[in-house]
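Note sheet for the following structure.
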Amino acid sequence: MAKRAKKNNAIEVIILIIVIAFTIYNNLIEQSTANKTDAKGKVSVHFIDVGQADSILIRTENGNALIDAGNNEDGPLLVKYFKSLGINSFDYVFGTHAHEDHIGGMDDIIKNFKVEKYYMPNAATTTKTFLDILDALDAKSYKFSVPKIGQKFSMGDVHFEIIYVGEDETDLNSTSIVMRMDHGENSFLFTGDSTSKVEKLILDSNIDVDVLKVAHHGSSYSNTLDFLKKVSPKYAVIEVGANNSYNHPEKVILRRLQRLNIEVYRTDQSGTIIMESDGNVLNIETLKTQTNG
Ligand SMILES: [Zn+2]
């Protein structure tokens with residue numbers, strides 16, 4: 001009797017081992033097929049309507065990134081928008097340069113979301129907006145990093161490359177982080193408020209893309225003909241406020257884009273512009289949101 005029990009125990013142990021091995025094997029198979037289906041995945045790029053300011057959300061199945069956060073009053077509206085999308089954290093947040101229309105809402109972002117990495121140029125200023133960000137980072141024991149030209153980041157199959165970042169504190173626009181994003185066949189160039197001086201410096205860099213975030217809200221201090229020809233985008237997105245006092249986007253730039261057969265999308269006309277890539281096709285839709293402070 002005792003012997004029999006022992007034998008039964010041994011059989012049970014063997015069955016248990018087989019079940020565990022089978023479960024692990026199945027999980028591995030599931031994981032590898034999941035990776036395969038995600039290989040191209042989907043990414044949506046939200047050029048958010050924040051009036052005369054910039055804010056761009058990049059949403060993937062593997063994480064989120066944010067480039068700029070509008071003016072000060074846009075902060076709470078952006079927080080609400082991101083929460084409504086179910087976003088709780090950002091893998092990468094970039095403040096392209098230290099002007100209020102790009103980093104105004106950043107303190108609200110840092111306070112309300114988990115931020116894995118915060119990047120900004122090595123070009124400080126003494127405005128309250130800028131100091132508020134340093135305080136917000138400090139309060140959560142976050143550190144900021146300065147990206148390096150050529151540095152690469154990834155979220156799944158979405159790849160970023162830093163094309164330029166400056167450090168001349170007397171010309172903050174020219175310190176703007178310029179970065180490229182690739183997802184399969186689709187590519188984007190994000191420019192902040194970069195200047196014609198920088199455009200000349202990066203003319204031979206890896207800047208040929210499908211979608212250009214037009215620099216500096218369509219200012220003629222940027223967007224030189226040589227640069228636009230090199231980038232040769234199919235689409236251009238202008239983040240700009242209706243009836244702004246700078247007369248952005250400038251007519252000369254709109255004409256230049258038109259002459260190059262580049263299709264233009266503007267947040268002052270369309271609201272938030274969402275481009276979704278599946279690695280091959282790029283779908284574009286526009287959306288009136290409550291984010292315009
Ligand atoms: Zn700006």
Side-chain angles (χ1 to χ4, degrees), residues 45-58 65-75 77-78 93-109 118-130 132-133 147 163-179 188-199 202 211-224 227-228 231 236-254 257 264-273 291-293:
V45 180
H46 299 225
F47 297 91
I48 303 166
D49 177 17
V50 280
Q52 182 65 15
D54 270 18
S55 185
I56 303 156
L57 165 70
I58 298 156
L66 178 67
I67 303 172
D68 290 337
N71 284 301
N72 277 311
E73 68 265 29
D74 298 316
L77 300 167
L78 286 173
V93 175
F94 301 89
T96 58
H97 65 295
H99 279 152
E100 194 247 336
D101 60 322
H102 294 255
I103 57 165
M106 219 41 118
D107 51 340
D108 292 305
I109 299 299
Y118 186 83
Y119 285 100
M120 63 183 206
N122 183 26
T125 177
T126 52
T127 58
K128 184 178 180 304
T129 302
F130 185 78
D132 281 350
I133 293 173
I163 301 292
Y164 187 81
V165 60
E167 49 183 30
D168 179 0
E169 286 176 358
T170 65
D171 181 8
L172 290 176
N173 284 338
S174 77
T175 68
S176 290
I177 298 170
V178 178
M179 58 195 277
F188 295 73
L189 191 68
F190 305 107
T191 54
D193 280 355
S194 190
T195 58
S196 52
K197 186 178 84 184
V198 172
E199 289 176 353
I202 61 175
V211 182
L212 169 69
K213 199 294 291 181
V214 170
H216 201 175
H217 323 285
S219 159
S220 61
Y221 290 113
S222 325
N223 305 298
T224 57
F227 180 72
L228 293 177
V231 178
V237 179
I238 307 179
E239 291 226 36
V240 68
N243 307 316
N244 65 79
S245 57
Y246 307 95
N247 282 321
H248 289 162
E250 287 183 54
K251 282 202 176 72
V252 58
I253 300 304
L254 290 175
L257 291 165
V264 174
Y265 285 84
R266 297 166 52 165
T267 52
D268 61 336
Q269 294 178 342
S270 304
T272 294
I273 297 145
T291 49
N292 188 337

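The chain is numbered in sequence order, starting from 1. Everything quoted here is computed from the prediction, not taken from an experiment. Read the numbers this way: they start at 1 and go in the same order the structure lists the ligands and their atoms.
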Does any N, O or S atom in H102 come within less than 2.8 Å of the Zn ion (ligand 1)? yes
Is it true that some N/O/S atom of H217, main chain or side chain, lies under 2.8 Å from the Zn ion (ligand 1)? yes
Does F227 have any ring pair (Phe, Tyr, Trp, His ring centres under 6.0 Å) partners at least two apart in sequence or in another chain, and if so, which? none
Among residues at least two apart in sequence or on other chains, which ones pass side chain to side chain contact (heavy atoms under 4.5 Å, CB included) with S196? E199, T224
Return yes when atom OH of Y221 has more than 12 non-hydrogen atoms of other residues, nucleotides or ligands closer than 6.0 Å, and no otherwise. no
Aromatic contact between H102 and H217, with the criterion being ring centroids under 6.0 Å apart: yes or no? yes
To the nearest 10°, what's the angle at the Zn ion (ligand 1) between atoms OD2 (D193) and OD2 (D101)? 140°
